[in-house]
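Only a predicted model underlies this, so the values are computations on that prediction, with no experimental measurement involved. Note that the numbering runs from 1 along the sequence shown for the chain.
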Amino acid sequence: LWEAGQVSAAIEVEAMWNELGGQYPFSLCCGYPARAVTASRHRDALAELCHLHALAVGTPDEPG
């Protein structure tokens, strides 16, 4: 979704995963290509996305 320009939708999906995780225990690894999320126009959205995860590996300057 993010790469297709639907950044808000990608963040909504992440929030839905969190809601589901509150009901059923599971592990999920999300992968976002650094080139798609590191554009300066996405800085706030990327911060929001990282906040929705229990763990984020890598930074915009140092992809995981």
Side-chain angles (χ1 to χ4, degrees):
L1 290 170
W2 194 294
E3 284 189 289
Q6 298 180 29
V7 175
S8 294
I11 292 171
E12 286 181 41
V13 168
E14 296 293 345
M16 287 188 278
W17 280 121
N18 287 344
E19 288 179 29
L20 186 62
Q23 298 174 23
Y24 304 99
F26 65 92
S27 295
L28 177 68
C29 295
C30 302
Y32 289 87
R35 65 177 159 52
V37 298
T38 56
S40 61
R41 71 181 183 280
H42 294 310
R43 189 175 314 267
D44 291 340
L46 179 58
E48 184 177 350
L49 182 75
C50 290
H51 179 74
L52 290 171
H53 287 78
L55 174 67
V57 177
T59 67
D61 298 324
E62 181 185 316

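- A continuous path of Ile, Leu, Val, Met, Phe, Trp and Tyr side chains, each step under 4.5 Å between heavy atoms, connects Leu28 with Met16, placing both in one hydrophobic cluster.
- At a threshold of 4.5 Å between side-chain heavy atoms, the hydrophobic network of Ile, Leu, Val, Met, Phe, Trp and Tyr places Leu52 and Tyr24 in two separate groups.
- The shortest side-chain heavy-atom distance between Leu49 and His53 falls under the 4.5 Å cut-off.
- Summarising the geometry of Ala45 relative to Val7, their closest heavy-atom pair is CB-CG1, 3.5 Å, with the distance given to 0.1 Å.
- Shortest non-hydrogen contact noted between Trp2 and Ile11 is CZ3-CG1, 4.4 Å.
- Counting all heavy atoms, side chain and backbone alike, Val37 lies closest to His42 at O-CB, 3.7 Å.
- The same ILVMFWY cluster, assembled from side-chain heavy atoms under 4.5 Å apart, contains both Trp17 and Leu1.
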